[in-house]
Number of protein chains: 2
Amino acid sequence: MEHLNEKECKSAGMAVRDTLEIISGKWKLILLLTFYKKGKRRFRELVKELNISPRVLSKELQELEMNKLVTRTVRNTRPMTVEYDITPYCRTLGSVLQPMKEWGELHRQEIIGKKNSE
Amino acid sequence: MEHLNEKECKSAGMAVRDTLEIISGKWKLILLLTFYKKGKRRFRELVKELNISPRVLSKELQELEMNKLVTRTVRNTRPMTVEYDITPYCRTLGSVLQPMKEWGELHRQEIIGKKNSE
DNA sequence: CATTGCAGTATCCTTTTAGTAACTGGTTAC
DNA sequence: GTAACCAGTTACTAAAAGGATACTGCAATG
């Protein structure tokens, strides 16, 4: 964020906050990473694998779906199943997550790494 | 995050989460942007300008300070004052905030922009 | 020596977020 | 028909985050 005036700064803040809220919460990142690693997943699978309560899972998935980060697909199987998976669009989040990962690692050095040496 | 194995993925997730937690919360971003825009600020100034309760402000500033994102400087003035300001290190957060801003703006298009056209 | 301004804490309260557990409604399998 | 899965919801509880307000301790001012 280079040299912003008042207005630019406020709208930049809003955009950052939007992004922040979308990936905030205890489960958002975990869910996205689960889909990323293991591919599509059914509702019950997620409940069992992650030990998340169905109530919370339902809410989180709805929010992710609203933001077009995951898709919800109903399958006509014997007992009906619903598959969730990340969207191609979700991959664009990489441009945010990658820097966050790098900064997080750098920061760990900055904080812990220098704890003793100073 | 390109093609991570199980372990890499988990540690990447941790780093992302670390970063996320540091800038999460109702006031962190607002505080950093305030320092960025207006420079150093005293405790009472922040309380008044932002309408934040001293209790919460105190906590937020402590957390930011622990993460070396802001400095706390005691001044020997008539009534003693304390100045807070962002550190040079804090500027490295730009590498995270800039992509977050860009993605946030893109996302606003993706979500709102296409609400009508589809 | 009461009043004001400062930084911050202590106490209590409200709101938000997350979790538990029981339940609905539908389908198949016995 | 009843037991067993599925995807979720409902109603309640617990924990975390945030807020309001009064207060402490210190120094200068009047």
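Values below: all heavy atoms of this structure, side chains included; hydrogens, waters and symmetry mates excluded.
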Enquirer: Could I get the full list of side chain to side chain donor-acceptor pair (under 3.5 Å) partners for B:T92, not counting sequence neighbours?
Expert: A:W103
Enquirer: Each nucleotide in nucleotides 15-22 of chain D should get exactly one letter: B, S or -. Can you fill that in based on protein heavy atoms under 4.0 Å?
Expert: ---BBBB-
Enquirer: Sort and list the pairs that fulfil salt bridge (charged side-chain N to carboxylate O under 4.0 Å, His left out) and have at least one residue in residues 26-35 of chain B, not counting sequence neighbours.
Expert: B:K28-B:E60, B:K28-B:E63
Enquirer: Quick one: list whatever passes side chain to side chain donor-acceptor pair (under 3.5 Å) with B:E21, sequence neighbours left out.
Expert: none
Enquirer: Report the residues that fulfil side chain to side chain donor-acceptor pair (under 3.5 Å) with A:T81, sequence neighbours left out, ordered by chain and then residue number.
Expert: A:T77
Enquirer: Chain A on DNA chain C: first and last contacting nucleotide, 5' to 3', under 4.0 Å to a heavy atom?
Expert: C:dA18 to C:dT28
Enquirer: Name all pairs fulfilling the side-chain hydrogen bond (donor to acceptor under 3.5 Å, both in side chains) condition that reach into residues 44-56 of chain B, sequence neighbours left out, sorted by first residue then second.
Expert: B:R41-B:E49
Enquirer: Test of understanding: with side-chain contact (heavy atoms from CB on, under 4.5 Å), list the residues that count as partners of B:R72, not counting sequence neighbours.
Expert: B:E65, B:V74, B:V82, B:Y84
Enquirer: Below 4.0 angstrom, which residues in residues 72-83 of chain B have at least one non-hydrogen atom near DNA chain C?
Expert: B:R72, B:P79, B:M80, B:T81, B:V82
Enquirer: By side-chain contact (heavy atoms from CB on, under 4.5 Å), which residues pair with B:D18, not counting sequence neighbours?
Expert: A:R108
Enquirer: Please identify each residue that fulfils side chain to side chain donor-acceptor pair (under 3.5 Å) with B:E83, with sequence neighbours left out.
Expert: B:R75
Enquirer: At under 4.0 Å, does any side-chain N or O of A:Q62 touch on OP1 or OP2 of D:dA7?
Expert: no
Enquirer: Tell me, please, which residues at least two apart from B:S24 pass side-chain contact (heavy atoms from CB on, under 4.5 Å).
Expert: A:L20, A:S24, B:L20
